[in-house]
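From a predicted model like this one, the values you see are computed outputs, not experimental measurements.
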Amino acid sequence: MQPRSRAVIIGVNADEPAIEGVAPLRHAVDDATAIHRTLTDPEIGTFDPVDVELLIGATATTRAVKSALRRVAREGQRGDTLLVYFAGHGILDPLNQQGDPYLVTADLALEELELDPDAGLRMGFLQRDVFGMSDASGVLLLDCCHAGASIAGAGMRGAAPAGSADHTLLATVLALLRDPSRNTHQALVACPRDAAARESDAAGHGLFTAVLLDGLNGGADQDAVTLELLSDYVNRQKLEQQPGRHLFGFGTSAVLTRPSLRRPARRLRSDDAPEPPMVDRTPVAGRFGRSSAGPAGGDGQPGRTMGDTAFLRPTNPIASFPLPNPLDGRSRHILRILDDLFNDRSRAPGDGTAAALGTLQRALSADAVFATRVLAHGELVLHASSSRADAEARLTSPAVRTLLHSARLDRRGALGYAAAEDLGRAGERGEGERGDGGRCSLVVPLSNDGSAEFDALVLHRLPDTYALDLGEAMASMVRAFVDTANEGNVALAELGVLNHLRLRYGRLPIDVYDRAFELFVQQLAEVRMVFEPMVKLGRHPLNLGIIGWEALARLGDVEGRAPAALFETAAVWGDRFVIELDSVLADRAIERYVRAWRASGLRNAMAPLSVNVSPRSIWSDAYIEQLIASMERNGLDEGGLTLELSEKEPIVLIGNDLRVDDSADAFQAFRARLEALARAHHVAFAIDDFGAGHASLDRLSMLDVSHVKIDRAILHHTDADVELRFVLALAERRGIMDKVIVEGVDEQSPLSLKQLWDIGVRRIQGYITERGTDRLDYLKDETTERLAALVRGEDA
């Protein structure tokens, strides 16, 4: 019997079910219809129309969809292909937002879900009851919010039994690889579990589906388009918002289309590419929670198969065009707004919201800016204004009231609402004034969680060049600026706005990226290093002493705060920022430590210096080269440096690079890297923040470390003594019990020094010894006497 390709294609615009908080979609039905037309196209499609069921609009009820899916799953034979495509809304479980999301069918009713969770179409139904029971190879395409949840678990034949410790996607991967005769199961979805799919009016489709259609019609390959090639094509488009890496395939998958069989048609030109407005396909508000369309994990792009498929090479590729980043071409506006917002010398840093509103008015050439509270029945309460004289009149202007009313009724979670007032009235401003169009008003909700009341920022009559051309990015910047109003450092406040844009949009224009890096480097130059001692405990003062020092970064003077904003910025922007941060702080720590030691008059051998480092910097040859050069330049002896690897960051490996999750292969490669560095440069390594992050026990068992620092948070756990005994027992088995250091010990620690001593703790670090300092010295006599008395359980 010849293999058959079957498909169930579903599209629901969500205007049939009346579900509070779920906005109607415009293109989901068109998406499904276009996918059906392409797959069954008599020239290029490989699916027979009799084997494809199309359920759109009101026909796509829960019962009809489930019945169609079960029917084709039951009928599928080994060697067949079963394709499922869905376009529409994905929503979270109203009673369990961490649970299995639902695909919104035409008759979905929330009140029924609360009584009968199976009254809707769960994504888990696709895993367990369709692909999980079919003998056919599965292909899943989802263009909806929360789509990544569809592959969060295994749910396919070959996986470990449900409830077992190995019931994970990795277990499915291993089972399939062990049995190559099994069919393939693949999925390519629009976004990760906690993100949103998007629509484009200009394209007439969801963004993800628009790219799928281009790929199926020849963009992915001219000869034969498989899901692997289609995934590669989607990956190259660098969509915003980006789909996650959600393609897992094994073996050779079926051909979906054969574009080379189509008769010649007009070639696409690069200037055919629209620059469409982007609309989130996001069922925000109320019981569902907000879907964030922020950057995905890793590099944020869709992935390709993990299998060994022989990829077909295009021999006659058609012309194609990239889908643009919605902020491309807008960097001039973004940078000009940043200049005006943060070069306003009339506002001192930290002046608060009222001053920030005045800065917004001047920087954006608005008539007025004010913050208001919208009450349940539409009443407005003015909180603050840049121009109090006529604020009430401006607040009640028709355009503003319309915008606030829209924001109150619209539960899609839009970032802002704009109303054009006099478009096209160019030249009404004087020479030198900005804006070449009309004026508009902008409302930015500051809190919009689906409740009847919310706070909003109103920008009254500003140049439409900003609000209409820049779009939702304008609203993002305004909201972020208000959030940073109390930041005492102007550069850090500007970084806060840029961080917000990065989190919201992922890839930003290169000159905006460069602006963020320049600010980051400038602020790094302001960081100073202090040193906190690591102390060996004892019951007698003579047995106490300093065994090493940790370098800590501070803003301002010695008593200043840690540069948390810089750490956050590095995490948001990625490798270049992280490696720059680690390189600069390590070099500064080594230089200041050697200088402080020489000035101290300490006569014994230099105690080891500990410096924090991200695991990803260890993979960077540039970081290692700068580190060794700094040691040699400053005269830090071999064996004098320990790099503390934070437990809060994963150790992961893809190819020869570091990215997403801990794995055995990553650990082995990482361990080999550490051993090579230790041999070549006599650098020691330690585990920092133990118990607060990734795979603690694996790191303790697999990495050869000089010491282990237990995170201060464990001291405040209910069973802190039990956890500490467990870690010490593991350390004793590895022969490193005397290398365990408990961090963050101070006068407020729930466990006393005597309790820690009785448990077996012999090394501590924290304010109970001495605070960080830029000078090095022995422990004072009164300090050793006080600590020894506390260890004995006596009042100090």
Discussion item. To the closest 0.5 Å, what do you measure between CD (Glu199) and CG (Asp30)?
Written reply: 9.0 Å
Item to complete: Kindly write out the residues that satisfy side-chain contact (heavy atoms from CB on, under 4.5 Å) with Ala32, not counting sequence neighbours, or none if the list is empty.
Response: Ile9, Leu54, Ile56, Tyr85
Worksheet item: Is a side-chain N or O of Asn13 found less than 3.5 angstrom from the main chain of Val29, in a donor-acceptor match?
Response: yes
Item to complete: Go through the steps to decide whether Leu555 and Leu492 satisfy the test side chain to side chain contact (heavy atoms under 4.5 Å, CB included), and finish with yes or no.
Response: CA-CA 11 Å; Leu555 285 176; Leu492 290 181; 4.0 Å; yes
Practice prompt. Given side chain to side chain contact (heavy atoms under 4.5 Å, CB included), test Thr569 with Leu519 step by step and report yes or no.
Written response: CA-CA 10 Å; Thr569 298; Leu519 284 169; over 6 Å; no
Worksheet item: Has the side chain of Arg479 got a donor or acceptor atom that lies under 3.5 Å from a matching backbone atom of Leu446?
Response: yes
Worksheet item: Roughly how far, to the nearest 0.5 Å, is CZ of Phe86 from CG of Asp143?
Response: 9.5 Å
Discussion item. So, using side-chain contact (heavy atoms from CB on, under 4.5 Å) as the criterion, who are the partners of Ser476 when residues are at least two apart?
Written reply: Leu415, His500, Leu501, Arg504, Tyr505
Worksheet item: When rounded to the nearest 0.5 angstrom, what is the spacing between NE2 in His27 and CG in Leu207?
Response: 9.5 Å
Practice prompt. Taking all heavy atoms of Ala356 and all of Phe481, pick out the closest pair and write down the distance.
Written response: O-CE2, 3.5 Å
Practice prompt. Could you tell me which non-hydrogen atom of Ala87 sits nearest to which non-hydrogen atom of Ala28, and how far apart they are?
Written response: O-CB, 3.5 Å
Worksheet item: What pairs with Phe577 under ring pair (Phe, Tyr, Trp, His ring centres under 6.0 Å), at least two apart in sequence or on another chain?
Response: Tyr513, Phe517, Phe520, Trp573
Worksheet item: Is there side-chain contact between Leu141 and Thr209, with at least one heavy-atom pair below 4.5 Å?
Response: no
Worksheet item: Is there a side-chain contact between Met477 and Ile334 (heavy atoms, below 4.5 Å)?
Response: yes
Practice prompt. Evaluate the side chain to side chain contact (heavy atoms under 4.5 Å, CB included) criterion for residues Arg332 and Arg336: first the C-alpha distance (whole Å), next the side-chain angles of each, then the deciding distance (0.1 Å), finally the verdict.
Written response: CA-CA 6 Å; Arg332 179 173 59 87; Arg336 188 167 69 182; 4.0 Å; yes
Worksheet item: Would a 4.5 Å heavy-atom cut-off, applied to side chains only, mark Val400 and Leu380 as touching?
Response: no
Worksheet, complete the sentence: Taking every heavy atom of Val12 against every heavy atom of Leu25, the minimum-distance pair comes out as O-CD1, 4.1 Å
Item to complete: May I ask you to test the Ile337-Met474 pair for a side-chain heavy-atom distance under 4.5 Å?
Response: yes
Discussion item. Quick check: closest heavy atoms across Asn217 and Leu213, and the distance to 0.1 Å?
Written reply: ND2-O, 2.7 Å
Worksheet entry | Close side-chain approach of Ser441 and Arg461, heavy atoms under 4.5 Å | yes
Item to complete: Report the distance from atom OG1 of Thr484 to atom CD of Glu494, rounding to the nearest 0.5 Å.
Response: 9.5 Å
Worksheet entry | Close side-chain approach of Val369 to Leu364, heavy-atom, < 4.5 Å | no
Discussion item. Looking at every non-hydrogen atom in both residues, tell me the closest pair between Leu188 and Phe208 and how far apart they are.
Written reply: O-CZ, 3.6 Å
Worksheet item: So, for Cys144 and Cys191, which heavy atoms are closest and what is the spacing to 0.1 Å?
Response: O-SG, 3.4 Å
Worksheet item: Just checking, is any N or O donor in the side chain of His205 or Asp31 under 3.5 Å from an acceptor N or O on the other one?
Response: yes
Discussion item. Any non-hydrogen side-chain atom of Leu457 less than 4.5 Å from a side-chain atom of Leu360?
Written reply: yes
Worksheet item: Taking the side chain from Arg588 and the backbone from Leu524, do they hold a donor-acceptor pair closer than 3.5 Å?
Response: yes
Discussion item. For Arg515 and Asp339: C-alpha separation, side-chain torsions, deciding distance, then whether side chain to side chain contact (heavy atoms under 4.5 Å, CB included) applies.
Written reply: CA-CA 11 Å; Arg515 171 72 161 256; Asp339 284 338; 2.8 Å; yes
Worksheet item: Would a distance-only check, ignoring hydrogens and angles, find a side-chain to backbone donor-acceptor pair under 3.5 Å from Asp582 to Ser617?
Response: no
Discussion item. Using a 3.5 Å distance criterion without hydrogens, assess whether the side chain of Ser620 forms a donor-acceptor pair with backbone atoms of Arg616.
Written reply: no
Worksheet item: Side-chain contact, heavy-atom cut-off 4.5 Å: Leu498 with Leu338?
Response: yes
Worksheet item: Judged by modelled atom types alone, do Glu526 and Asn489 share a side-chain donor-acceptor pair under 3.5 Å?
Response: no
